[in-house]
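Chain identifiers are assigned alphabetically (A, B, ...) following the order of the sequence lines, protein sequences preceding nucleic acid strands; residue numbering begins at 1 within each chain.
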There are 2 protein chains.
Amino acid sequence: MTQPLLNETSITTASDKVFVDMRREIVEGSIAQGSKISEPELAKRYGVSRATLREALNRLESCYLVERKANIGCRVVALTAERLIEVYQVRSALEGLACRLAADNMEPDEVQGLKQLLNQHLQTQRVKEGESYYQEAGDLDFHYRIIKGSKNAHLIHLLCHDLYQLIRMYRVQMGMVGPRVSKAFDEHLAIINAIENHDGELAEMLMKRHISASQANIQTKFDRYQSVQAVQNHVAN
Amino acid sequence: MTQPLLNETSITTASDKVFVDMRREIVEGSIAQGSKISEPELAKRYGVSRATLREALNRLESCYLVERKANIGCRVVALTAERLIEVYQVRSALEGLACRLAADNMEPDEVQGLKQLLNQHLQTQRVKEGESYYQEAGDLDFHYRIIKGSKNAHLIHLLCHDLYQLIRMYRVQMGMVGPRVSKAFDEHLAIINAIENHDGELAEMLMKRHISASQANIQTKFDRYQSVQAVQNHVAN
DNA sequence: AAGCCATAAATTGTCGACAATATAAAAATA
DNA sequence: TATTTTTATATTGTCGACAATTTATGGCTT
């Protein structure tokens, strides 16, 4: 279970399964970014009909993981620097809002749960060592709970259902690990305090900063990643 | 052409046409809010197969006009007061962002065009008389141009493709007309000035206020609408 | 040899039919 | 009569095949 919290919808139908499987493969890079998707090929690979596969593709499109053009086909989204900036600008605005609303709408026990989560991760040795998986999961969980705490169903859907997998895709494929862990914890703590004090304005500001810092961190990785790519291309030619 | 500016995608395929048609009918209320959608019935009505209709339904779902449940079916979204608040909270955050970005990224000629648009509408007699259609179209056009001016493709998609039809649906079905027209123009003017001065912070704030005022206006209509509904229900029983 | 046009192959869009699930109606039980 | 169980109906999910469009191939002209 790599992303237990984001699978709110139980998998009942066949296209559900294909959707979830493809989503994971795209986010993790098994299906390469920017690559064209052949309906017949993928349908055969997942052992379903084209109709079922297309249903899954539609849903992947609505969470921005593939792009579709009429009569031409489907392509996995390309991870560009421009798009990273664009998505994080949107994320910052939306999660800022979520955090402000959470300061008003979170129940005391939810806030307590959030504090416990933070302590839990602080005390976990693995986090101190900056291990990637737990950091990722913990961070996601933290953000996820605050978003839910906004009690705004539309916002929750927008962030958790539509946008988060794309963000995850950047994080996973850029290999986000390490040095920001401790800093992120301090930032998380400050955000929780603001929420607990029902200071929505401060909570919003802190969350926006937190996300900006995260963006800057990814951007660095991305630039490195791109120069590696450039070198590889140069060697290949 | 009720919404010439929001049909960025040319209608090539059959499901495109069904999507656009159904979207209009849902927004205008010909297909009632909250009503269940029967695939066989609608497919027959539009003269297409169920597969084609389902393609359209998927796209309607991704712009929040219908809701789908596995093995149960599709329902037109219900216009509740809660959802109105939720959607406008999101809209405010996103268009606020768009406006801030526009202050940095709009070209001088785009700003000029925006000013001309405003003058044009001020001088149009119909607007002064508070006629509904032009007010709606003009307001939409204004917001649309600023969003585009942000130059953030993801944000543009989110607002113009995913969210705007739902907002329009509230406005249309609440019968938004009249008294806010002149006030809205002053607000629009102030926003343009802020953008022209590259004052993103102010532009964002003004846009958020403008949208809040719009929300309050709709909310009033909505409360009235709901009490009418309640009386009707009471009489019917 | 380069570019253009016609043809062939492959891919996407659309259809009608069948299977699985959910809803409605009828029968049975308490 | 009210409630549960069973049966029947209707709706959604899935499939394979055909039509329309795009892309690739091969031949022709300059």
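- Listed by first then second residue, pairs satisfying ring pair (Phe, Tyr, Trp, His ring centres under 6.0 Å) with a partner in residues 31-61 of chain B number zero, not counting sequence neighbours.
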Result block: side-chain N/O donor-acceptor pairs under 3.5 angstrom for residues 95-107 of chain A, not counting sequence neighbours:
{"residue": "A/Glu95", "atom": "OE1", "partner": "A/His143", "partner atom": "ND1", "Å": "2.7"}
{"residue": "A/Glu95", "atom": "OE2", "partner": "A/Arg91", "partner atom": "NE", "Å": "2.7"}
{"residue": "A/Glu95", "atom": "OE2", "partner": "A/Arg91", "partner atom": "NH2", "Å": "3.2"}
{"residue": "A/Glu95", "atom": "OE2", "partner": "A/Tyr164", "partner atom": "OH", "Å": "2.5"}
{"residue": "A/Arg100", "atom": "NE", "partner": "A/Glu204", "partner atom": "OE1", "Å": "2.6"}
{"residue": "A/Asn105", "atom": "ND2", "partner": "A/Leu101", "partner atom": "O", "Å": "3.4"}
{"residue": "A/Asn105", "atom": "ND2", "partner": "A/Ser150", "partner atom": "O", "Å": "3.0"}

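- Under the rule for a side-chain contact (heavy atoms from CB on, under 4.5 Å), the partners of A/Cys74 that lie at least two apart in sequence or sit in another chain are A/Ile37, A/Leu57, A/Val66, A/Arg68.
- Considering only residues two or more places apart in sequence or on other chains, B/Lys17 meets the side-chain contact (heavy atoms from CB on, under 4.5 Å) condition with B/Ile11, B/Asp21.
- Within 4.0 Å (heavy atoms only), A/Ala51 reaches at least one base atom of the nucleic acid.
- Mapping B/Ser38 and A/Gly47 onto DNA chain D via the closest heavy atom, the residue that lands nearer the 5' end is B/Ser38.
- Under the ring pair (Phe, Tyr, Trp, His ring centres under 6.0 Å) criterion, the residue pairs touching residues 54-95 of chain A are A/Tyr64-B/His154, A/Tyr64-B/His157, with sequence neighbours excluded.
- Using a 4.0 Å cut-off between charged nitrogen and carboxylate oxygen, A/Glu61 and B/Arg59 do not count as a salt-bridge pair.
- Protein chain B contacts DNA chain D from D/dT11 to D/dT14, reading 5' to 3' and using non-hydrogen atoms of the protein with a distance under 4.0 Å.
- Contacts between residues 66-75 of chain A and DNA chain C, counted as heavy-atom distances below 4.0 Å, involve A/Ala70, A/Asn71, A/Ile72, A/Gly73.
- For B/Ile72, the side-chain contact (heavy atoms from CB on, under 4.5 Å) partners at least two apart in sequence or on another chain are B/Lys69.
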Residues 77-84 of chain A side chain polar contacts: donor-acceptor under 3.5 Å, at least two apart:
{"residue": "A/Thr80", "atom": "OG1", "partner": "A/Arg83", "partner atom": "N", "Å": "3.0"}
{"residue": "A/Arg83", "atom": "NE", "partner": "A/Ala78", "partner atom": "O", "Å": "3.2"}
{"residue": "A/Arg83", "atom": "NH1", "partner": "A/Glu67", "partner atom": "OE2", "Å": "3.4"}
{"residue": "A/Arg83", "atom": "NH2", "partner": "A/Glu67", "partner atom": "OE2", "Å": "2.8"}

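- Within 4.0 Å (heavy atoms only), A/Leu53 reaches no atom of the nucleic acid at all.
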